[in-house]
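I have placed the structure first, in the form of structure tokens, so that the comments after it can refer back to it.
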Amino acid sequence: MNEPVNGPAPSDTPALRVRDLNVRFTTERGEIPAVRGVDLTVRRGQLLALLGESGSGKSVTARAVMGLLDQPNVHVSAAAIDVAGRELTAMRAAERRRLRGDAMTLVFQDALSALNPVLSIGDQLGELFRVHRGASRRAARARAVELLDLVGIPAPERRVRDYPHQFSGGMRQRILVAMAVALEPELLIADEPTTALDVTVQAQILRLLDRLRRELGMAVLLITHDLGVAAEVADDVAVMYAGRIVEEAPVGRLFAAPAHPYTQALLGSIPRLDGPREALAAIEGSPPNPARLPPGCSFNPRCRYATDICRAERPLLLPVPAALAGPAERTRTAACHHTEEVLRAAVG
Amino acid sequence: MPPSVETQPVPAPNGPAGPVLSVTDVHKSYRAGLLSSARVRAVDGVSLELAPGETLGIVGESGSGKSTLARMLVGLERPDSGSVLFRGRPVAQGRGAAGRATRRSVQMVFQDPLTSLNPRMTVLDIIAEPLDVHGLASGRAARRARVEELLGLVGLAADMAQRFPHEFSGGQRQRIGIARALATEPDVLVCDEPVSALDMSVQAQVVNLFADLQRRLGVSLVFIAHDLAVVRHVSHRVAVMYLGRIAEVGPADRVYTEPAHPYTQALLAAAPVPEPAARDRERIELKGDPPSPLNPPSGCPFHTRCHLAQDVCTTTVPPLAGPKPDPAGPHRSACHFSFDRP
Ligand SMILES: Nc1ncnc2c1ncn2[C@@H]1O[C@H](COP(=O)(O)OP(=O)(O)OP(=O)(O)O)[C@@H](O)[C@H]1O
Ligand SMILES: Nc1ncnc2c1ncn2[C@@H]1O[C@H](COP(=O)(O)OP(=O)(O)OP(=O)(O)O)[C@@H](O)[C@H]1O
Ligand SMILES: [Mg+2]
Ligand SMILES: [Mg+2]
């Protein structure tokens with residue numbers, strides 16, 4: 001446990017490996033199992049999109065990985081949380097804090113509140129190099145200029161002296177990305193980084209993330225509920241429903257033939273740019289209440305494939321039979337008693 | 001799954017009836033700051049019409065003036081110049097019965113259902129508020145019955161009337177907001193980002209609800225959103241705004257398949273496409289960042305980011321016009337180079 005915080009990890013070690021992550025909130029209304037038995041693996045240079053309904057546990061998963069849930073009413077447990085080969089579950093809080101912002105970083109949705117309004121952008125970026133890398137003031141400033149250039153801010157030598165309010169919303173979001181990649185983390189988690197932005201700015205940020213993971217070999221976990229965003233940049237997609245991962249697949253396969261009824265319904269509800277004016281296929285029923293989940297499969301009350309077994313037995317997240325999984329280099333998984341039927345529906 | 005017949009939106013309206021809303025050259029500017037004398041031209045000369053039973057979608061970059069225009073449409077804000085008429089009567093003015101009747105006919109649905117619903121009021125009182133204001137329900141029983149009817153209209157159970165907003169999910173709260181807007185039996189609903197805060201599956205439910213309401217009640221809709229695909233699904237016509245002006249307006253199919261303005265082309269190219277295979281498509285990239293509305297560019301407001309820009313664009317504001325034989329036709333664009341104009 002004494003290796004340098006930013007020491008290189010062997011290249012076959014995944015940047016993130018999570019096994020059996022559980023997060024429970026204790027509230028006046030009772031226990032809320034927000035995350036239930038989640039496994040995730042993100043390799044170096046891979047972009048995994050984590051999709052799912054509002055309230056399905058995406059942000060809580062991210063915060064648990066980052067070690068940002070050390071609060072009295074939260075119970076976090078995991079068999080393993082490895083970031084670039086370093087096991088976080090056994091780590092003391094101070095050690096984890098040191099990893100945060102260095103080996104792993106998190107970009108939030110709201111750029112304005114994440115930046116310090118009274119410090120210039122150059123000071124905020126430079127501070128990272130001074131605190132984590134012991135860089136001199138001058139060297140830190142030079143690195144700040146480089147980073148602004150990297151994320152496409154014009155005239156970086158001049159803009160480095162400006163304050164957050166002097167930038168547009170899209171530029172501020174790019175600056176946040178710059179701060180997140182400053183120390184070349186092994187893992188970048190971006191939680192809805194473009195949700196509040198309009199499409200032109202959103203496209204800029206997505207292209208930037210895509211370029212950075214290619215050029216820097218970063219692993220990216222991109223949290224979103226926008227299927228279009230996932231389709232644009234993800235290699236693989238994991239879909240959450242009611243605190244669990246219900247399907248994971250290479251992006252092309254998932255869009256071509258979803259293996260879980262929830263994913264299928266979600267894909268059916270996307271409005272298309274080239275679509276005619278017609279009704280969208282909404283998912284019937286209400287989102288699940290995490291404090292009162294139905295027995296068996298959590299999706300069963302809204303599922304058109306549901307049968308008796310779905311109301312009695314929880315389906316495990318298992319590899320999709322190779323014959324049905326399609327030509328994928330990587331294995332696909334799904335948690336559904338009727339996966340074969342669901343996959344056939346897409347083909348037939 | 002093919003959409004079922006009864007959720008199909010109404011066909012595009014036709015017939016001789018005049019517009020329900022006519023907007024003529026409205027302007028609205030704001031002081032840029034408390035101590036500033038500079039002014040932001042939020043809406044800078046917009047004209048448009050809305051037909052009965054029609055849905056007009058409005059898209060455009062953040063800050064392009066969509067919400068400001070929406071507030072003027074419902075009379076929450078008075079234009080500095082120009083007019084907004086509901087069936088020939090101004091919406092922002094007019095005391096007395098005629099003025100109230102006009103305002104009652106044009107209602108607004110807001111983006112964030114949680115902040116626009118009073119957390120201390122029950123759903124019953126929230127939805128009944130416009131009934132009370134306009135004296136539309138006499139007696140407790142009638143008031144309650146009307147609220148239950150409205151809840152039914154938006155697909156909520158009558159027994160939800162006694163609950164408070166925080167007890168509902170985002171999609172349900174948006175339905176409450178819509179029920180309230182429908183209380184006065186308006187002819188026009190102006191919806192400012194009504195589904196932007198909702199996730200995809202809930203968004204689809206609410207979008208279908210709008211189509212269903214339009215089919216059953218014949219209301220006209222102004223539908224503002226930054227998701228271009230959603231707008232296409234609900235709109236008969238679409239207007240694209242840039243820096244306070246309309247850059248392009250036309251039938252939805254035409255605007256989406258043959259966008260005439262380079263800004264519309266860039267917007268459509270930037271929209272994420274939910275098809276991994278489409279990733280490597282060709283795109284027109286927008287240069288630079290949006291200009292400051294405090295100091296808009298001369299000539300065409302888009303010229304600083306436009307790949308087609310020529311000298312004329314820096315000096316002359318292009319009129320919003322259609323192709324040669326029909327400059328006032330249904331499809332119009334404010335670009336010197338649209339429709340093969342020289
Ligand atoms: N501090 C907390 N106390 C109690 N419950 C919480 C807390 N934070 C989150 N939750 C609950 O945990 C569940 C998962 O929330 P989470 O924020 O991870 O959802 P999400 O998938 O990120 O949704 P969204 O797409 O809306 O951001 C929700 O039911 C939420 O209400
Ligand atoms: N009350 C106000 N005071 C000062 N400026 C304002 C006010 N309302 C709007 N503005 C300015 O007017 C311009 C248009 O704003 P508006 O809210 O209409 O844009 P929008 O198209 O709705 O943007 P968004 O997509 O972000 O909602 C912006 O530059 C905005 O800052
Ligand atoms: Mg979240
Ligand atoms: Mg707005």
Side-chain angles (χ1 to χ4, degrees), chain A residues 51-56 154 167-171 194-204 206-207 225-234 237 250-256 262 264-284 286-287 289 302 304, chain B residues 1-4 6-9 12 55 59-64 169-172 196 198-208 211-212 226-236 252-253 256-257 266-279 283 285-286 288-290 292:
Chain A
L51 276 176
E53 201 152 50
S54 184
S56 59
F167 294 87
S168 73
M171 287 172 137
T194 62
T195 302
L197 306 173
D198 59 56
V199 289
T200 55
V201 180
Q202 169 172 299
Q204 286 174 352
L206 292 179
R207 274 200 298 275
H225 59 239
D226 188 329
L227 290 147
V229 166
E232 287 285 347
V233 289
V237 178
V251 66
R253 299 300 310 154
L254 184 115
F255 277 80
Y262 172 67
Q264 189 187 59
L266 201 58
L267 288 172
S269 71
I270 314 179
R272 305 223 166 219
L273 259 188
D274 54 0
R277 285 182 74 252
E278 62 176 26
L280 299 171
I283 305 181
E284 294 306 315
S286 318
N289 175 350
R302 306 171 77 187
R304 61 197 193 101
Chain B
M1 269 175 290
S4 63
E6 66 267 289
T7 52
Q8 290 277 358
T55 301
V59 298
E61 215 150 45
S62 182
S64 56
S169 72
Q172 290 174 321
S196 308
L198 308 175
D199 73 49
M200 289 254 173
S201 59
V202 181
Q203 168 181 296
Q205 292 179 353
V206 175
V207 161
N208 291 347
D212 180 48
H226 63 244
D227 184 328
L228 298 161
V230 169
V231 169
R232 170 148 203 194
H233 272 268
V234 299
S235 306
H236 301 102
D253 289 348
Y256 278 76
T257 54
L267 265 189
L268 288 171
V273 173
E275 251 168 65
R279 249 183 224 187
R283 298 165 214 240
E285 270 188 39
L286 267 189
D289 283 287
S292 159

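Below, read A as the first sequence line, B as the second, and so on, with proteins coming before strands; counting in each chain starts at 1.
Both the backbone and the side chain of B:Val273 come within contact range of chain A, each with at least one heavy atom under 4.5 Å from a heavy atom of that chain. Only the side chain of A:Leu266 has a heavy atom closer than 4.5 Å to any heavy atom of chain B.
Applying the side-chain contact (heavy atoms from CB on, under 4.5 Å) rule to B:Ala277 yields no partners; only residues at least two apart in sequence or on another chain are considered. Residues that satisfy the side-chain contact (heavy atoms from CB on, under 4.5 Å) test with B:Ala270, not counting sequence neighbours, are A:Val199, A:Thr200, A:Ala203.
Note on A:Arg272 versus B:Glu275: salt bridge recorded, some NZ/NE/NH1/NH2 to OD/OE distance being below 4.0 Å.
Counting heavy-atom pairs closer than 4.5 Å to chain A, the top-ranked of the candidates B:Ala269, B:Pro276, B:Ala278, B:Ala204 is B:Pro276. Put simply, of A:His225, A:Gln202, A:Glu232, A:Gln204, the one with the most heavy-atom pairs under 4.5 Å next to chain B is A:Glu232.
With respect to B:Val230, the side chain to side chain contact (heavy atoms under 4.5 Å, CB included) criterion is satisfied by exactly one of B:Val59, B:Val206, B:Val207: B:Val207.
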